[in-house]
Every structure is written in C-alpha cells, then in structure tokens.
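Heavy-atom basis, side chains included; hydrogens, waters and symmetry copies ignored.
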Amino acid sequence: MNKLSSAPIPSFSSCFRFRKKMFANLFVVISLVALTSCSSAYYSALEKVGIHKRDIMVDRVENAKESQQEAQTQFKSALEEMKSLIHFDGGDLEAQYTVIKEQYEDSKKAADLVTLRIEKVEDVSDALFDEWEDEIEQISNSNLKRQSATKLKETQSRYETLIKSMHKAESKIVPVLTALKDNMLFLKHNLNAQAVNALQGEMLSIEKNVSELIKDMNEAIEQSQKFIDMLEK
C-alpha cells in the first residue's frame, strides 16, 4: 500500500488555524517594518508608553559615544598588529596576514556602527527640535514662551557643536580604513619578507592618521557627555 495514501489528511479546521496563525504573524512583521521605517510613527508609538524624544536623544547620543570609544579601541588594536607585522622576523606570514585581515574587517564594522549611530542621533534631533518649536507656539504665557525658546536655542547650539565634532571624527576614519585595506591587500598579494619591508614606509602615515582619529574622537566623546549633561539638567 502506498505510504502517502495512508498518511492522515489534515482537517479543514487545522488548515484554517494554521493559515490564520501564518497571516497573523505576517501582519505583525509587516506592522513592525512599517513602524520602524517611519520615524514619526515610531516616535509616536514610544511616546504613548512614556518614552519621549528627549529620552531617545539622550540614549542615542550615549550609544554614539560608546561606539566611538569602541572604535578607538579597535583602531588602536589594528595599529598594534600592523606594528607587529613590521617587526616580523620569521614564521608564518600567512597567519599574520589573517590577523591583519581580521583587524581590518573589525575596524570596518566599528566604523559602520559609528556612522549608523550618528545618523540615528540626527534623525531624533530633527524630530525633537520640530516638536519643541511646534509646542512653543502653543504656549500662551509670553514669559514662559520666551524662556522655552531660549532653552531651545541653547540646546540647538550645543547640538550643532556636538554633531560637527562627531562628523569630524567620522571623516578621519576613512583614511585609516583605506590604509589598513591597502596594506592588507598588498600583504595578501606579496606574502614575503620584501612585502613586510615595503610596508614599513607606510607606518608613519598610518600612525599619524590613527593619532588624529583618536584625538577627534576624544573631542566628540567629550562633546557627547556635555550634551547629555545639558539635556538631563
């Protein structure tokens, strides 16, 4: 007897329940995508559960600061591995290349995270300041209205200083990543002592770029904390 013919046939009700569950799950997924793809809807949903744009702003600036701190650590690590390569005195050069490659990939991920979190800060700042301006217009008391407008200008001024420092530090990432990638690919194509010697001349430039990156990131981190302190007063 054919085994397929003896298999139990799902009942209509079980099929209906399965399809109903499937469509319910699909609806949830679509709803989440729609919600997160529209910033205003996303912020409105959080507002309903007591999470305001100001809170989100503080959280995202904090996240951006942390990603910059992590990027600093990663780029320092990549630089140390490059220095180790320069002082390579025999052994498995293929293994050293693998380490350099992993350092570049980790640095790229760290850089991408910095960029993503800066974009998130910019997104919520637009929403926060637009809302603030709209709400100022709703204040009938002229004295309170003036004080709120002054506070808004102070916050916007501090924010402009912050976001400029973040973008300045972010721009310094590009030459460092480019140099790491160039050296990683050159080593891949020339796994020999001559290649290591050729890379020695690049180290001063890489060290200079990393030093400038660390300096600008420290400034951005400092501005981030000042901005957070201002919002939390």
Find out if a path of hydrophobic residues (ILVMFWY) with successive side-chain heavy-atom gaps under 4.5 Å connects Ile51 to Trp132. yes

If you apply the rule side-chain hydrogen bond (donor to acceptor under 3.5 Å, both in side chains), what do you find for Gln223 with Glu219, and how did you get there? CA-CA 6 Å; Gln223 292 300 331; Glu219 173 62 23; 2.9 Å; yes

Are the side chain of Ser157 and the backbone of Lys153 linked by a donor-acceptor contact shorter than 3.5 Å? no

How many angstroms lie between atom CD1 of Ile214 and atom CD of Glu212, to the nearest 0.5 angstrom? 11.5 Å

Return the minimal non-hydrogen interatomic distance between Ala220 and Ser165, and the atom names on each side. CA-OG, 3.5 Å

Answer yes when Glu105 and Lys109 have at least one side-chain N-carboxylate O distance shorter than 4.0 Å, and no when they do not. no

Are Gln72 and Gln68 linked by a side-chain donor-acceptor pair shorter than 3.5 Å? no

Minimum heavy-atom separation for Ala179 and Ile206, please, with both atom names. CB-CG1, 3.8 Å

Above 12 or not: heavy atoms from other molecules or residues under 6.0 Å from NZ of Lys145? yes

Applying a strict under-4.5 Å side-chain criterion to I, L, V, M, F, W and Y, I'd like to know whether Met203 and Phe75 cluster together. yes

Answer yes or no: is there an ion pair linking Lys226 with Glu222, defined by an N-O contact shorter than 4.0 Å? yes

Test log, rule side-chain contact (heavy atoms from CB on, under 4.5 Å), inputs Met217 and Gln69: CA-CA 8 Å; Met217 278 194 168; Gln69 291 169 329; over 6 Å; no

Looking at Ser211 and Glu207, would you say the former's side chain and the latter's main chain have a donor-acceptor pair under 3.5 Å? no

Dump the intermediate steps for side-chain contact (heavy atoms from CB on, under 4.5 Å) on Met166 and Arg117, then the final yes or no. CA-CA 10 Å; Met166 283 185 172; Arg117 290 187 171 174; over 6 Å; no

What's the separation between atom CG in Asn143 and atom OG in Ser148, rounded to the nearest 0.5 Å? 11.0 Å

Between Leu152 and Leu128, is there a shared hydrophobic cluster once you connect ILVMFWY residues whose side-chain heavy atoms come closer than 4.5 Å? yes

Audit row: Glu66, Asn63, side-chain contact (heavy atoms from CB on, under 4.5 Å) steps and yes/no: CA-CA 5 Å; Glu66 289 176 359; Asn63 287 341; 4.0 Å; yes

Option passing side chain to side chain contact (heavy atoms under 4.5 Å, CB included) with Lys120 (candidates Leu116, Asp123, Val124, Ile118): Leu116

Compare every heavy atom of Pro175 with every heavy atom of Asn209, then report the nearest pair and how far apart it is. ND2-CB, 4.0 Å

Please indicate whether Lys208 has more than 12 foreign heavy atoms, meaning atoms of other residues, nucleotides or ligands, lying under 6.0 Å from its NZ. no

Should Leu231 and Phe129 be regarded as members of a common hydrophobic cluster, given that ILVMFWY residues are connected when their side-chain heavy atoms come within less than 4.5 Å of each other, either directly or indirectly? yes

Measure across Asp55 and Gly50 and return the closest heavy-atom pair with its distance rounded to 0.1 Å. OD2-O, 4.1 Å

With a 4.5 Å cut-off on side-chain heavy atoms, are Arg60 and Ile56 touching? yes

Can you check side-chain contact (heavy atoms from CB on, under 4.5 Å) on Glu154 and Met230, steps first, answer last? CA-CA 9 Å; Glu154 291 174 353; Met230 180 182 187; 3.6 Å; yes

Does Leu185 share a hydrophobic cluster with Tyr97, counting links as ILVMFWY side-chain heavy atoms below 4.5 Å and allowing steps through other members? yes

Taken to the nearest 0.5 Å, the spacing of Tyr43 OH from Met57 CE works out to 9.5 Å

Ignoring hydrogens and geometry beyond distance, is a side-chain donor-acceptor pair present between Glu131 and His52 at under 3.5 Å? no

For a side-chain hydrogen bond (donor to acceptor under 3.5 Å, both in side chains) check, start with the C-alpha distance between Asp229 and Gln225, then their side-chain angles and the critical distance, and finish with the verdict. CA-CA 6 Å; Asp229 293 342; Gln225 190 57 53; 2.9 Å; yes

Could you tell me the separation between the CD atom of Gln74 and the OG atom of Ser67, rounded to the nearest 0.5 Å? 13.0 Å

Looking at every heavy atom in both Val114 and Ala71, which two are closest together, and how far apart are they? CG2-CB, 3.9 Å

Measuring from atom CG of Leu180 to atom CD1 of Ile173, what distance do you get when rounded to the nearest 0.5 angstrom? 11.5 Å

How about NZ on Lys101, more than 12 heavy atoms from neighbouring residues, nucleotides or ligands closer than 6.0 Å, or not? no

Rounded to the nearest 0.5 Å, what separates atom CE in Met82 from atom OG in Ser77? 12.5 Å

Paired with Phe227, the side chain to side chain contact (heavy atoms under 4.5 Å, CB included) test is passed by just one of Val58, Val121, Leu162, Thr161, namely Leu162

